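Source: prediction; values computed, not measured. Counting convention: from 1, in listed order, for ligands and their atoms alike.
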Amino acid sequence: KRSTLSSRGPHTFLRMDPQVKWLQQQEVKRRVKRQVRSDPQALYFNDPIWSNMWYMHCGDKNSRCRSEMNVQAAWKKGYTGKNVVVTILDDGIERNHPDLAPNYDSYASYDVNGNDYDPSPRYDASNENKHGTRCAGEVAASANNSYCIVGIAYNAKIGGIRMLDGDVTDVVEAKSLGIRPNYIDIYSASWGPDDDGKTVDGPGRLAKQAFEYGIKKGRQGLGSIFVWASGNGGREGDHCSCDGYTNSIYTISVSSTTENGYKPWYLEECASTLATTYSSGAFYERKIVTTDLRQRCTDGHTGTSVSAPMVAGIIALALEANNQLAWRDVQHLLVKTSRPAHLKANDWKVNGAGHKVSHLYGFGLVDAEALVMEAKKWTAVPAQHMCVATTDKRPSIPVVQTLRTTTLTTACADHSDQRVGYLEHVVARISISHPRRGDLQIHLISPSGTKSQLLAKR
Ligand SMILES: *[C@@H]1O[C@H](CO)[C@@H](O)[C@H](O)[C@H]1NC(C)=O
Ligand SMILES: [Ca+2]
Ligand SMILES: [Ca+2]
């Protein structure tokens, strides 16, 4: 308000006092708190949903996800997936979605269900076949096109193999896993056997051959990269080691954590999980935003389905940094650079190689920046060497109540030509006859004492 009463009188009166040296009427000034609203280093994209991609902004002061996957940092180093080809094995891909079309690659696509070259999804009232399109956007949605989101590898090429919208057979899986292995670098699969807590299933003879061909001959001999979602059967008490796809040494099996670093209700535990990304959680925790069917955007993508494409995108950044990485190099890099961060689990322990590891999260949250930096200076691992040891130990008593049977082996530590320098993968082939296989638990204990659970009660 502009005062109608002059204060000149009182001022003059005060000034006349010999003890007053100086006087000034105090006015209220406008001052603003210097609180950080968002990371000033954050990149600006004009895509409308960019700011809702909370898992890309964990560095912000007020963010609930405190640990970064450091995707922006990898972009700032110049890696965005250029010249890398990723394909999504799923129920199709909406290839003319405005956020997918610029990076869509028909050469990395196929329709196994329809036996033609167009992997477009079949549309129905319930949008049943939205899954592949959602996964594809996470990897390679276009950046800065004023539309929807920003893909993790927004300059990578993205294809889709339509193979889940029909009967899935061994032939269908094998064909899908083996499409253009010299052209496609990364295959992302967010599906598997029933997560019902009782199924034990895995690749059949042909799918097994497709994996083996892929890792030996794919990418001109460097090996195809197969990324797999670890499964959503947590509530059913499912254990991902009963899934022969996530359990395979040829796949990179990925788990999920919530924005607060909690174990999501759908998480399946097992020893074959390699790494983790953010995904959905409880109803009050945020979900993932991505491209959706009918040229739309969704903020409701959930489960470990989210995590496989995220890691596929992050590996695409690493392959741009170093296109000579072999399939095993990529696994070593993930082991080395993933971090437990603030992910909550009661089984974190340090293994013989000095890495923290958990049955919930593998080696922890992926770190895109660390991955590309390590990829750049990585020295290829030596050729794979296999040691095979057999034992035909049979407990003399049948398993009635609780029976512990231990098998010791030194077969790979002796001085034969089987000797193992350092251990990378273990495949245990165990036959047990028991009337209730759900009661069986199997553990593997390493020479340095790391206890891995190969099978849990279901
Ligand atoms: C996106 O485009 C805007 C102009 O619309 C530009 O200022 C900005 O730097 C671009 N962002 C990136 C990350 O390239
Ligand atoms: Ca976009
Ligand atoms: Ca499962």
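In this structure, a donor-acceptor pair under 3.5 Å is present between the side chains of S448 and S446. Checked by atom type, the side-chain pair Y123/E94 shows a donor-acceptor distance below 3.5 Å. Between the side chains of D165 and N129, a donor-acceptor pair is found at a separation under 3.5 Å. No side-chain N or O of S280 forms a donor-acceptor pair with one of T302 less than 3.5 Å apart.
Inside a 4.0 Å radius of atom 4 (C) of ligand 1 there is not any protein heavy atom.
Under 4.0 Å is where a charged nitrogen must lie from a carboxylate oxygen, and between E269 and K263 at least one such pair does. Salt bridge annotation for D185-R219: present, with a cationic side-chain nitrogen under 4.0 angstrom from a carboxylate oxygen. Taking 4.0 Å as the cut-off between side-chain N and carboxylate O, R134 and D292 count as a salt-bridged pair.
Of all the N, O or S atoms in D47, the one closest to the Ca ion (ligand 2) is OD2. Nearest N/O/S atom of D238 relative to the Ca ion (ligand 3): this is OD2. D195 contributes atom OD1 as its closest N/O/S atom to the Ca ion (ligand 3). Closest N/O/S atom of D99 to the Ca ion (ligand 2): OD1.
At a threshold of 3.0 Å, the Ca ion (ligand 2) has no backbone or side-chain N, O or S atom of V150 nearer than that distance. At least one N/O/S atom of N145, from backbone or side chain, sits under 3.0 Å from the Ca ion (ligand 2). D243 lies apart from the Ca ion (ligand 3) in this respect, since none of its N, O or S atoms is found at a distance under 3.0 Å. Metal site remark for the Ca ion (ligand 3): D194 contributes no N, O or S atom at a distance under 3.0 Å. At a cut-off of 3.0 Å, S146 is not counted among the residues with an N, O or S atom near the Ca ion (ligand 2). Among the atoms of N144, no N, O or S atom falls under 3.0 Å of the Ca ion (ligand 2).
The protein heavy atom nearest to atom 7 (O) of ligand 1 is Y44 CD2, 4.2 Å. Among protein heavy atoms, atom 10 (C) of ligand 1 sits closest to N144 ND2, 2.4 Å.
Ring geometry for H342 against Y278 counts as tilted: the plane angle lies between 30° and 60°, on a 0 to 90° scale. Note on ring orientation: taking the six-membered ring where Trp is involved, the planes of W50 and W75 are tilted (angle from 30° to 60°).
Neither the backbone nor the side chain of W75 comes within contact range of ligand 1; no heavy atom lies under 4.0 Å.
Near N46, meaning under 4.0 Å from one of its heavy atoms, ligand 1 places the atoms 5 (O). Those atoms of ligand 1 with a heavy atom of F45 less than 4.0 angstrom away are 13 (C).
Closest approach of Q453 to L455, counting heavy atoms only: NE2-O, 3.2 Å.
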